[in-house]
Amino acid sequence: TGFGGSNGNGGTGWGTVYKLAPDGTETVLYAFQGGNDGWVPIGGTLRDKSGNLYGTTAFGGGTGCDGGSGCGTVFKVAPDGTEIILHSFQGDGIDGFYPWAGVVADRSGILYGTTERTVYKLAPDGTLTTLHAFTFGSDGGETVAPLILDRGGDLYGTTMTGGDTRLCGGAGCGVVFKIAPDGAETVLHTFIGGSDGISPDDGLARDKAGNLYGTTSSGGTLGFGVVFKLAPDGTEMILHSFGGTLDGEDPEAGLVLDAAGNLYGTTPFGGIDCGQFQCGIVFKLAPDGTERVLHRFKAGDDGCGPGSADALILLKDQLYGTTSGCGAHGDGTVFRIRK
C-alpha cells in the first residue's frame with residue numbers, strides 16, 4: 001500500500017507490505033517507517049520460490065537525495081517480515097530516482113526495473129547497473145511503468161513522454177521500447193496523439209506470438225484513452241477507444257491476458273456517476289476489440305478508483321485487484337471478480 005500502517009508514533013504510516021488470506025484476513029508483513037527503509041511502496045511486489053517479496057518505494061532510503069526525502073529504494077521482505085534494503089537510489093546523474101513501479105526477475109535472480117528516467121539491473125549482490133538513461137527525446141521520457149521480460153532477456157516497457165517532441169506540447173506523446181541484455185534500446189512505437197493515443201503510463205502484456213498489448217491514459221477517438229496492440233514488426237492496432245462515462249475512461253494500469261486472447265483491465269474513472277467523480281470499471285476486451293464491462297464501482301463497500309497502480313491478477317477464472325478509495329473504511333479495497 002502507498003500509505004497506511006503505523007509510523008511508530010501513533011500516526012498514519014508510510015505504507016505496508018501485507019498478506020491477504022482467502023477468507024479476507026489481512027496480515028501486515030512490514031510497515032514502512034519513512035526513513036532509510038523507504039516510503040510509499042506503490043509498485044506492487046514480486047514473490048520468489050522461498051516466499052521472499054521484492055518491491056520498491058518511491059521515496060526514502062536516506063536523506064542525501066531530493067532535499068532529504070530520499071530518492072527511493074529496492075527492498076526485500078522475508079517471510080518472517082524482516083526487511084532488507086537491496087539498493088537506495090542516489091538521484092539523477094548517478095543511478096536514478098523515484099522507482100514508481102515494481103521489479104521483474106530473471107532465472108538467476110537478477111532484478112530489473114525503472115526509475116522515472118532510467119531502466120536498471122540489480123544483481124543479487126546489490127550491484128546496480130543502469131541499462132538505459134532516457135534523454136526525453138526520440139528514445140522516450142518519463143516512465144512510471146513496470147517492465148516485462150522475455151525468454152531471451154529482452155525487456156519491454158513504456159514511457160509517458162518523449163518520442164516525437166514536436167507533439168503533445170513539446171514533451172512527446174510517449175513510446176513503447178525494448179531494451180536488449182546489453183542495454184541497447186529499440187523504440188518499437190512512437191505515439192503521435194489523437195486516435196493513436198497519448199501517454200502510455202503503465203506496463204505491457206505479451207502473447208506467445210510476441211504481440212504487445214497496453215493502454216494509454218488519454219488520446220483515442222474521444223480523448224479518454226485506448227487499448228492498443230503492437231505487432232512484432234511495429235504495426236499498431238487500436239483495439240478500443242474509451243468513450244467515457246459508462247464505457248470507462250483514462251486507463252492508468254496495464255492489462256492481463258488469458259489463454260484465449262482476452263484482455264482484462266480497469267479504468268479509475270468512468271462507470272456510474274458517483275457525484276463528484278465517476279467510480280471506475282473492470283472491463284474485458286475480446287480479441288476482436290469488443291468490450292464488456294464486468295463491473296462498475298459504486299463508491300460503496302466495493303470501492304472506487306481501481307487500478308491506479310498495478311494490473312489485475314488472473315488466477316484460474318478469477319480476477320483480483322485493488323481500489324484506491326471508498327470501501328468500508330474509505331481507504332480502498334481488495335476485490336475479486338469472475339472473469
Side-chain angles (χ1 to χ4, degrees), residues 42-44 100-102 114 140-148 156-163 168 172-177 188-207 211-231 235-245 247-258 261-271 278 280-295 297 305-314 319 321-324 339:
I42 199 171
W100 297 103
T114 59
E142 182 180 8
T143 179
V144 296
L147 301 167
I148 59 173
Y156 302 83
T158 63
T159 69
M160 298 170 59
T161 59
C168 293
C173 304
V175 307
V176 177
F177 64 85
L188 301 178
H189 182 71
T190 298
F191 291 89
I192 61 173
S195 60
D196 174 55
I198 301 169
S199 191
D201 56 4
D202 216 282
L204 301 164
R206 186 173 184 268
D207 66 20
N211 299 298
L212 298 170
Y213 302 84
T215 62
T216 69
S217 59
S218 60
T221 305
L222 297 175
F224 294 112
V226 307
V227 176
F228 65 86
K229 173 183 177 180
L230 199 63
T235 302
E236 184 203 34
M237 177 184 297
I238 300 299
L239 298 178
H240 183 72
S241 287
F242 290 94
T245 59
D247 174 48
E249 58 184 83
D250 304 348
E252 294 180 352
L255 302 166
V256 62
L257 183 69
D258 72 12
N262 298 299
L263 295 163
Y264 302 86
T266 60
T267 70
F269 306 108
Q278 294 163 338
I281 68 168
V282 179
F283 66 87
K284 173 182 178 179
L285 207 64
D288 65 0
T290 302
E291 184 200 36
R292 177 187 169 197
V293 176
L294 299 179
H295 184 74
F297 290 90
S308 58
D310 293 311
L312 297 166
I313 296 172
L314 175 61
L319 295 161
T322 61
T323 68
S324 59
K339 72 169 188 159

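Keep in mind the model is a prediction, meaning the values are calculated, not measured. Sequence positions, counted from 1, serve as the residue numbers for this chain.
- The shortest distance between side-chain heavy atoms of His240 and Phe228 does not fall below 4.5 Å.
- Nearest heavy atom pair, residue Leu147 against residue Gly157, reads CD2-CA, 4.2 Å.
- Atom CG of Leu314 sits about 12.5 Å away from atom CG of Leu255, to the nearest 0.5 Å.
- Taking all atoms of both residues into account, the shortest heavy-atom contact from Ala145 to Ala101 is C-CB, 3.4 Å.
- Glu236 CD to His189 NE2: the interatomic distance, rounded to the nearest 0.5 Å, is 3.5 Å.
- Inter-residue side-chain proximity for Ile148 and Leu212 is flagged as met; some heavy-atom pair is nearer than 4.5 Å.
- Rounded to the nearest 0.5 angstrom, Phe191 CZ and Ile198 CD1 are separated by 10.5 Å.
- Residues Gly321 and Leu312 share a closest heavy-atom pair of CA-CD2, 3.9 Å.
- Thr143 places a side-chain N or O within 3.5 Å of a backbone atom of Thr158 that can act as its donor or acceptor partner.
- Contact annotation: the side chain of Asp250 never approaches that of Thr267 to less than 4.5 Å [non-hydrogen atoms, C-beta and beyond].
- Side chain of Ser241 to main chain of Ser195: no donor-acceptor pair is present (N/O by atom type, distance under 3.5 Å, no hydrogens or angles).
- For Phe224 and Phe269, the distance between ring centers is not under 6.0 angstrom.
- Here the side chains of Leu257 and Asp207 are in contact, with some heavy-atom distance below 4.5 Å.
- The environment of CD1 in Ile313 is sparse: at most 12 heavy-atom neighbours from other residues, nucleotides or ligands sit within 6.0 Å.
- Inter-residue side-chain proximity for Leu294 and Phe283 is flagged as unmet; no heavy-atom pair is nearer than 4.5 Å.
- Pro306 approaches Phe297 most closely through the heavy-atom pair CG-CE1, 3.4 Å.
- In this structure, OG in Ser217 is found 11.5 Å from CD in Glu249, a value given to the nearest 0.5 Å.
- Leu285 places none of its side-chain heavy atoms less than 4.5 Å from the side chain of Thr290.
- Atom CG in Leu204 sits 8.5 Å away from atom OG1 in Thr215 (nearest 0.5 Å).
- Taking 4.5 Å as the limit, every side-chain heavy atom of Tyr264 sits out of range of all side-chain heavy atoms of Val282.
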Given Asn211 and Arg206, is the side chain to side chain contact (heavy atoms under 4.5 Å, CB included) satisfied, shown in steps? CA-CA 6 Å; Asn211 299 298; Arg206 186 173 184 268; over 6 Å; no

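- Side-chain contact between Asp247 and Glu291 is present, with heavy atoms from C-beta onward closer than 4.5 Å.
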Applying side chain to side chain contact (heavy atoms under 4.5 Å, CB included), run through Val176 and Tyr156 and close with a yes or a no. CA-CA 7 Å; Val176 177; Tyr156 302 83; 5.8 Å; no

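- Between the side chain of Thr161 and the backbone N or O of Glu142, at least one donor-acceptor pair lies under 3.5 Å.
- A pairwise comparison of heavy atoms in Asp196 and Thr190 identifies OD2-O, 4.2 Å as the closest pair.
- Nearest heavy-atom pair, Cys173 versus Pro200, reported as atom, atom and distance to 0.1 Å: O-CD, 3.5 Å.
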